[in-house]
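Structure first, then comments.
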Amino acid sequence: MLRFAPSPTGDMHIGNLRVAIFNYILSKQRNEELLIRIEDSDSARNIEGKDQEILQILDLFNIEYKDVIYQSANLRFHRALAIDLLQRKMAFNCFCSSDKLDNARELAKKERRAFRYDDSCTHLSASQSIDNPNPFTIRIQRAKNRVTFKDLIKGDMSFEPEDIDSFIIMRAQKLPTYNFACAVDDMLSDISLVIRGEDHLSNTPKQIHIRDSLGYEKRVEYAHLPIILNDDGKKMSKRDDASSVKWLLSEGFLPSAITNYLILIGNRCKEEIFELDDAIEWFDLNNISKSPAKFDIDMLRHINNQHLRAMQSIELSRYVGFADADIGELAKLFLDECSTTKELKLKIEAVFAPKVASEEFALSVEKIRQVLLDAPYFEEFDEFKKFVIDSTSIKGKQLFKSLRILLSNSEHGPELSDIYTHTKNYLKEIVK
RNA sequence: GGCUCCAUCAUCUAAUGGUUAGGAUUCAAGGUUUUCAUCCUUGCCAUAGGGGUUCGAAUCCCCUUGGAGUCACCA
């Protein structure tokens, strides 16, 4: 079983989507199920409806999964297992206040050393614990030995007990912390491989330590994907528009192109332009680069353009508000200057909008327009052109520029004859 | 600062001890186009630095430098 575990606290991030895609690919390759786990254990940060939004995006990107579970539904297991650890002295109650811990953290920072829990509550007697009326958290006992694991991308990893620390597993309100809930849930769902972002790398030894303490012996495999960086070389954040899947979609990028790009960057690929199903055939975690990759929107535009060119005309026409292969073909003519459906839609809308002509061509445009309002239908552009010349006596630059303005609302653009081929059935509407 | 990871053109990458260090994107120039773009052709641009090992190093080892992630009763 593999899992994708987003938290419903904001818009789906492209880094998250990439994690989902890779989990999906590996689940297909290994012939295992994919589980979606909504990590909603911090109810204060949850945003209503974000879980549904995430699932909709997964559908849109053709990521199939078996089940959706909510982390909060496992609360009784989190509590039961925390009690189990307490009873076996693998965990202890900690009465240290937030203030005290914050001060200790600050001091550690000032002294330029790492903050570690000072073990002041590690060995409290039963009565010391029971007689204390103050709120308390539950901490796990520090590991006895180094925690090691093999990451499928990064290689062998090793962490000292000192660096894993005796961290909090249950908060004062007796809700699990992320690491505890995550470790337990992965265990309960019998997860075999965890693919997640590199930002989780330092959580992994903690989660392994939790399961070790619980006596769970099955080894979970891990693959930590390098982060996607913005132009400044920092992790992409909410502040970067392009980090939001929703934003990319609204800008007119296709799910198939976004998928293509997210698989392509930081990876050694067999081909540059492909579909998700192709990638399932050859994708290999071993080919993922160990270093982070910068997000390059120019490259994404290029890939989006290629996907648009390969798209069925009728399907493309729907993206620009029609259901007609001719309009799809017309849109494809503009792919020489556009790369997103949003840009194409503007071009197509301009074709049907009232025409705006510069002073230089305004007279010719109007004269030709009047003629075309009552013109017969011409199958071929040459006949159409001849008709216009014969009826108006306009020629040369005035003729071509004016026709171009009438047919496309622009002085520049694709071949006039090509535009005509795909707009001749709409001519009356276009010059109206 | 501690821990962990990383290091080839501006960007994504190829070259798994022997290549004039290749491709794609970007950018620039020329050709083409009664238009701009496309397209075609060409060009610019990289092995972070220093030591080893070796007949031979982008590739293996060490040091330096640089970058990233992470260090919550968030996930």
Side-chain angles (χ1 to χ4, degrees), chain A residues 5-10 16 38-42 44-46 71 94 96-98 101-102 105 108-116 135-139 151 153-155 157-160 162-165 167-182 196-206 224-229 231-235 261 264-269 271-273 287 289-303 305-306 309 333-338 395-401 403-405 408 410-416:
Chain A
S7 55
T9 54
N16 261 132
I38 305 290
E39 307 231 310
D40 58 349
S41 50
D42 183 8
R45 287 187 55 201
N46 291 341
Q71 185 157 63
C94 174
C96 298
S97 69
S98 295
L101 292 172
D102 288 346
R105 239 186 294 274
K109 190 171 182 181
K110 202 183 289 176
E111 292 176 355
R112 311 184 126 220
R113 58 183 170 78
F115 166 79
R116 296 287 179 268
F136 63 95
T137 60
I138 300 174
R139 285 180 183 272
D151 186 278
I153 293 170
K154 301 271 179 189
M157 306 288 297
S158 173
F159 293 84
E160 298 295 332
E162 177 68 10
D163 294 319
I164 301 170
D165 207 5
F167 54 94
I168 294 173
I169 58 172
M170 292 295 274
R171 300 183 256 169
Q173 316 89 289
K174 301 304 167 280
L175 291 169
T177 58
Y178 163 73
N179 276 310
F180 190 61
C182 184
R196 57 182 10 170
E198 191 179 4
D199 45 342
H200 283 289
L201 195 59
S202 52
N203 287 324
T204 299
K206 295 186 180 193
H224 289 94
L225 299 174
I227 302 285
I228 300 177
L229 270 24
D231 276 343
D232 300 330
K234 305 285 183 197
K235 186 166 85 163
Y261 179 67
L264 184 70
I265 55 166
N267 194 1
R268 188 185 314 170
C269 289
E271 38 203 338
E272 188 182 75
I273 306 296
N287 290 335
S289 162
K290 290 182 177 182
S291 48
K294 270 191 186 173
F295 184 87
D296 182 354
I297 200 152
D298 284 329
M299 183 70 94
L300 175 58
R301 286 179 60 82
H302 168 70
I303 289 171
N305 190 294
Q306 297 294 317
R309 285 176 195 273
L333 297 178
F334 289 103
L335 281 174
D336 291 341
E337 50 196 296
C338 300
K395 1 174 233 201
K397 187 177 173 189
Q398 278 290 331
L399 172 72
F400 286 98
K401 285 283 186 184
L403 272 182
R404 188 174 286 289
I405 289 166
S408 71
S410 168
E411 291 184 27
H412 309 291
E415 282 290 322
L416 267 178

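Within every chain, numbering begins at 1; the chains are lettered A, B, ... in the order of the sequence lines, protein sequences first and strands thereafter.
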Gap separating the [atom1] atom of [X] from the [atom2] atom of [Y], nearest 0.5 angstrom:
{"X": "A/Ser158", "Y": "A/Asp163", "atom1": "OG", "atom2": "CG", "result": "9.5 Å"}
{"X": "A/Leu201", "Y": "A/Met157", "atom1": "CG", "atom2": "CE", "result": "4.0 Å"}
{"X": "A/Ile168", "Y": "A/Asn179", "atom1": "CD1", "atom2": "CG", "result": "11.5 Å"}
{"X": "A/Met299", "Y": "A/Leu264", "atom1": "CE", "atom2": "CG", "result": "6.5 Å"}
{"X": "A/Glu411", "Y": "A/Phe400", "atom1": "CD", "atom2": "CZ", "result": "15.0 Å"}

* A/Asp336 vs A/Arg309, salt bridge (charged side-chain N to carboxylate O under 4.0 Å, His left out): CA-CA, chis, key distance, verdict -> CA-CA 10 Å; A/Asp336 291 341; A/Arg309 285 176 195 273; 3.2 Å; yes
* Testing A/Lys290, A/His224, A/Lys235, A/Lys154 for side chain to side chain donor-acceptor pair (under 3.5 Å) with A/Glu198, which one passes? ->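 Passing option: A/Lys154.
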Going by purine N1 to pyrimidine N3 plus the second Watson-Crick contact, or the G-U wobble pair, all under 3.5 Å, which nucleotide sits opposite [N]?
{"N": "B/rG66", "value": "B/rC6"}
{"N": "B/rC71", "value": "B/rG1"}
{"N": "B/rC45", "value": "none"}
{"N": "B/rU16", "value": "none"}
{"N": "B/rU26", "value": "none"}
{"N": "B/rC60", "value": "B/rG52"}

If the [atom1] atom of [N] is compared with that of [M], how far apart are they to the nearest Å?
{"N": "B/rA21", "M": "B/rC6", "atom1": "P", "answer": "27 Å"}
{"N": "B/rU16", "M": "B/rC74", "atom1": "C1'", "answer": "42 Å"}
{"N": "B/rG69", "M": "B/rG52", "atom1": "C1'", "answer": "31 Å"}
{"N": "B/rG67", "M": "B/rG31", "atom1": "C1'", "answer": "43 Å"}
{"N": "B/rU38", "M": "B/rG18", "atom1": "C1'", "answer": "42 Å"}
{"N": "B/rC9", "M": "B/rU25", "atom1": "C1'", "answer": "12 Å"}
{"N": "B/rC12", "M": "B/rA7", "atom1": "C1'", "answer": "15 Å"}
{"N": "B/rU41", "M": "B/rU47", "atom1": "C1'", "answer": "28 Å"}

* Asked: Could you write nucleotides 62-75 of chain B as a row of B, S and -, 5' to 3', where a protein heavy atom under 4.0 Å of any base atom gives B, of only sugar-phosphate atoms gives S, and otherwise -?
  -> ------SSS-SBBB
* Structure fact -> Reading nucleotides 25-41 of chain B from 5' to 3' and marking B where a protein heavy atom lies under 4.0 Å of the base, S where only the sugar-phosphate is that close, and - otherwise, the string is SS------SBBBBS---
* Distance flag, aromatic centroids of A/Phe167 and A/Phe180, threshold under 6.0 Å ->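 A/Phe180 vs A/Phe167: aromatic centres not under 6.0 Å.
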Separation of [N] [atom2] from [X] [atom1] (nearest whole Å):
{"X": "A/Lys110", "N": "B/rG2", "atom1": "NZ", "atom2": "P", "value": "19 Å"}
{"X": "A/Lys154", "N": "B/rC3", "atom1": "NZ", "atom2": "P", "value": "17 Å"}
{"X": "A/Asp163", "N": "B/rC5", "atom1": "CG", "atom2": "P", "value": "12 Å"}

* Could you tell me how the ring of A/His200 sits relative to the ring of A/Tyr178: parallel (under 30°), tilted (30 to 60°) or perpendicular (over 60°)? =>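 The arrangement is tilted - the two ring planes meet at 30° to 60°.
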* **Residue met sooner reading RNA chain B from 5', once A/Arg268 and A/Ser158 are mapped to nucleotides** =>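 Comparing both residues, the 5'-ward one is A/Ser158.
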* To do: Report the residues that fulfil side-chain contact (heavy atoms from CB on, under 4.5 Å) with A/Arg105, sequence neighbours left out, ordered by chain and then residue number.
  =>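 Only A/Leu101, A/Asp102, A/Phe115 meet the side-chain contact (heavy atoms from CB on, under 4.5 Å) criterion with A/Arg105.
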